[in-house]
Amino acid sequence: MTLDRDALFIGGAWTKPATDAVLEVVSPHSEEVVARVPEGSAADIDAAVAAARRAFDEGPWPRMSPQERIDVVQTFSGLYAARLADMAELITTEMGAPISFSNLAQSPAPWMQIEAFLGIAREFPWESTRPGVLGADVMVRHEPIGVVAAIPPWNVPQFTVMSKLVPALLAGCTVVVKPAAESPLDCYLLAELLQEAGVPEGVVSVVAAGREVGEHLVAHPGVDKVAFTGSTAAGRKIGAICGEQLKRCSLELGGKSAAIVLDDADLTTTLEGLKFIGLMNSGQACVAQTRVLVSRDRHDAFAASLAEAVAGMQVGDPMDPATEIGPMVAQRQQERVEKYIALGQEEGATLLTGGLGRPDGLDRGWYVRPTVFAGVDNRMRIAQEEIFGPVLSVIPYDDVDDAVRIANDSDYGLAGTVWTSDHDAGVDVARRVRTGTYGINTYTMDFAAPFGGYKASGLGREFGPEGLAQYTELKSVYLSPPPS
Ligand code: NAD
């Protein structure tokens with residue numbers, strides 16, 4: 001079955017693109033073109049924003065009751081649940097995540113988000129009344145924010161679309177989604193399911209394109225809010241445009257999270273945990289725990305065990321269910337990771353496993369060797385910059401205060417973990433690290449609670465009631481005092 005497409009989903013209809021430009025989707029494993037789809041242009045974005053604007057200003061969606069919108073999203077959720085395996089396979093095909101990870105997270109987690117947001121929307125205070133201080137009541141309304149531009153990256157493409165699309169829809173917004181050029185396929189299936197669920201005309205459009213066209217969408221005067229996930233560099237640019245235009249924006253950006261291993265941590269649990277949350281999605285994860293902080297006394301032994309565990313991970317064809325680490329998304333990403341591996345050696349870190357060169361038997365495909373550095377100084381660039389590949393840095397600390405200081409010595413503040421058998425000590429560390437999310441002996445994102453970053457990791461929060469509120473404007477209506 002071909003994955004090729006020749007239309008864009010604009011305003012709820014499959015539409016001929018404005019230009020002949022094509023995006024080639026290249027398999028990161030075979031380096032072969034697996035699909036050709038239209039590359040959206042500025043003119044396609046203009047058409048999508050015009051449709052979203054009309055649907056918001058004149059259409060039924062923002063005027064429906066929250067319950068009516070919940071009913072449509074509930075139907076969509078059922079349709080999505082039936083296609084989880086297809087969605088996981090599409091994502092692995094286009095961006096190379098191991099299929100085990102795609103089946104665990106790339107499609108089930110977005111579906112869990114839909115269900116979580118449905119529950120939150122049922123309880124949400126869309127309109128409430130509170131006593132004022134002047135003797136009369138005040139009605140406070142959460143109204144839809146307007147036309148939303150949703151811009152996801154390629155690494156967790158459905159995960160990062162759903163965290164924007166679903167709360168936006170439930171709030172009564174209309175949405176233009178711009179998938180990344182590397183991963184346009186999953187949103188075709190998404191659009192089909194939205195159409196089948198009965199989302200009204202104009203409410204959602206999907207236009208896959210590169211950065212320039214993305215920037216056209218961000219700056220478009222018809223857009224009221226930009227919801228972006230991606231690199232900190234792009235986030236700064238987008239934030240600057242939105243600041244200039246006083247446009248609402250939420251930014252989910254990069255990370256360089258620290259796992260603090262306390263001396264009483266259980267070794268097996270910690271190694272298993274770090275293999276997963278340090279290297280999940282082949283290390284291409286914003287919340288990856290890439291700095292592993294270990295007390296100076298235990299550093300060498302722990303680093304050796306970690307290196308042995310990583311060296312034993314299966315690297316290869318992402319469609320193989322046994323694969324734990326697949327290829328990088330693109331050659332440019334492979335080169336970037338290798339540049340950092342070389343840099344780590346130049347900076348004087350000790351290479352324990354991995355390094356430059358291809359994993360055995362993988363001469364084709366954008367593979368790198370899973371790498372562990374030990375004896376890393378937190379001021380080294382490999383400890384400060386986001387590599388976005390399977391590279392872990394083990395950093396020694398003197399005591400817990402020093403570990404917290406090192407964890408906080410970062411431009412980023414997205415996630416973190418602590419590994420310990422003492423729950424209270426773990427909670428104490430969790431309180432002291434300046435990040436938006438934290439895990440104790442685990443890192444499992446819970447969609448009931450806000451997710452997002454401190455510092456250069458972003459602005460705003462996704463998930464939870466806080467994540468739904470980001471798609472609303474607040475209006476206070478001062479009610480007249482009741483007649484006496
Ligand atoms: P990227 O910033 O290059 O691109 C992300 C998306 O933004 C793509 O759709 C791209 O086309 C678009 N884009 C890029 N520049 C733009 C601009 N100036 N205007 C409008 N659109 C623009 O990031 P990437 O390489 O695709 O993704 C990896 C990055 O995403 C990493 O830094 C990672 O940490 C981050 N990320 C963050 C989270 C989070 O929740 N905080 C989740 C996943 C990924």
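Numbering of ligands and ligand atoms starts at 1, following listing order.
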Legend entry - Neighbour count above 12 (heavy atom, 6.0 Å) for Asp6 CG: no
Legend entry - Heavy-atom nearest neighbour in the protein, as seen from atom 41 (N) of ligand 1, with distance rounded to 0.1 Å: Leu253 O, 2.8 Å
Inset, instruction - Around atom 44 (C) of ligand 1, find the nearest protein heavy atom and jot down its residue, atom name and distance. - result: Asn155 OD1, 3.3 Å
Legend entry - Atom indices of ligand 1, in the order listed, that fall short of 4.0 Å to a heavy atom of Phe451: 40 (O)
Inset, instruction - Would you mind listing every ring-ring contact (aromatic ring centres under 6.0 Å, His included) that reaches into residues 202-222, with sequence neighbours excluded? - result: His216-His220
Legend entry - Heavy atom of protein inside 4.0 Å of atom 15 (N) of ligand 1, strictly below: yes
Legend entry - Backbone or side-chain N or O of Glu215 under 3.5 Å from ligand 1 N or O: yes
Inset, instruction - State whether the number of non-hydrogen atoms from other residues, nucleotides or ligands found under 6.0 Å of Glu201 atom CD is greater than 12. - result: no
Inset, instruction - Determine whether more than 12 heavy atoms belonging to other residues, nucleotides or ligands lie under 6.0 Å from atom CZ of Arg122. - result: yes
Legend entry - Top protein contact for atom 13 (N) of ligand 1, by heavy-atom distance: Arg211 CG, 3.8 Å
Legend entry - atom 2 (O) of ligand 1: the protein heavy-atom neighbour that sits closest, reported with distance to 0.1 Å: Ser231 OG, 2.6 Å
Inset, instruction - With side chain to side chain donor-acceptor pair (under 3.5 Å) as the test, would you mind laying out the steps for Lys164 and Thr229 before giving the verdict? - result: CA-CA 10 Å; Lys164 301 163 181 54; Thr229 299; 2.6 Å; yes
Legend entry - Atoms of ligand 1, numbered as shown, that sit under 4.0 Å from any heavy atom of Ala234: 2 (O), 14 (C), 15 (N)
Legend entry - Contact partition for Ile151 relative to ligand 1, non-hydrogen atoms under 4.0 Å: side chain
Legend entry - Atom CZ of Arg248: over 12 foreign heavy atoms under 6.0 Å: no
Legend entry - Glu386: numbered ligand 1 atoms lying under 4.0 Å from its heavy atoms: 31 (C), 32 (O), 33 (C), 34 (O)
Inset, instruction - Write out the residue and atom name of the closest protein heavy atom to atom 24 (P) of ligand 1, then the distance separating them to 0.1 Å. - result: Trp154 NE1, 3.4 Å
Legend entry - Taking atom 8 (C) of ligand 1 as the reference point, the nearest protein heavy atom with its distance: Pro152 O, 3.4 Å
Inset, instruction - Would you please classify the geometry between the Phe159 ring and the Phe463 ring as parallel, tilted or perpendicular, with 30° and 60° separating the classes? - result: perpendicular
Legend entry - Numbered atoms and elements of ligand 1 in range of Gly214, under 4.0 angstrom, heavy atoms: 19 (N), 20 (C), 21 (N)
Inset, instruction - Heavy-atom contacts with Cys286 under 4.0 Å: which atoms of ligand 1 show up? List them by number with element. - result: 33 (C), 34 (O), 36 (N), 37 (C), 38 (C), 39 (C), 40 (O), 41 (N), 42 (C), 43 (C), 44 (C)
Inset, instruction - Mind listing the closest non-hydrogen atom pair of Val37 and Leu3 along with its distance? - result: CG1-O, 4.4 Å
Inset, instruction - Quick one: closest heavy-atom pair of Thr174 and Gly202, and the distance? - result: CB-O, 4.3 Å
Legend entry - Contacting atoms of ligand 1, where contact means under 4.0 angstrom from a heavy atom of Phe228: 2 (O), 5 (C), 6 (C), 7 (O)
Inset, instruction - Specify the protein heavy atom at minimum distance from atom 10 (C) of ligand 1: its residue, its atom name, and the distance to 0.1 Å. - result: Lys178 NZ, 3.9 Å
Inset, instruction - State, without any angle test, whether Tyr443 and Gln289 hold a side-chain donor-acceptor pair at a distance under 3.5 Å. - result: no
Inset, instruction - If you have a sec, work out which protein heavy atom is nearest atom 35 (C) of ligand 1 and how many Å separate them, to one decimal? - result: Gly230 O, 3.2 Å
Legend entry - Flag if over 12 foreign heavy atoms under 6.0 Å of CE, Met313: yes
Legend entry - Numbering as shown, the atoms of ligand 1 that approach Ala180 to under 4.0 Å (heavy-atom distance): 8 (C), 9 (O)
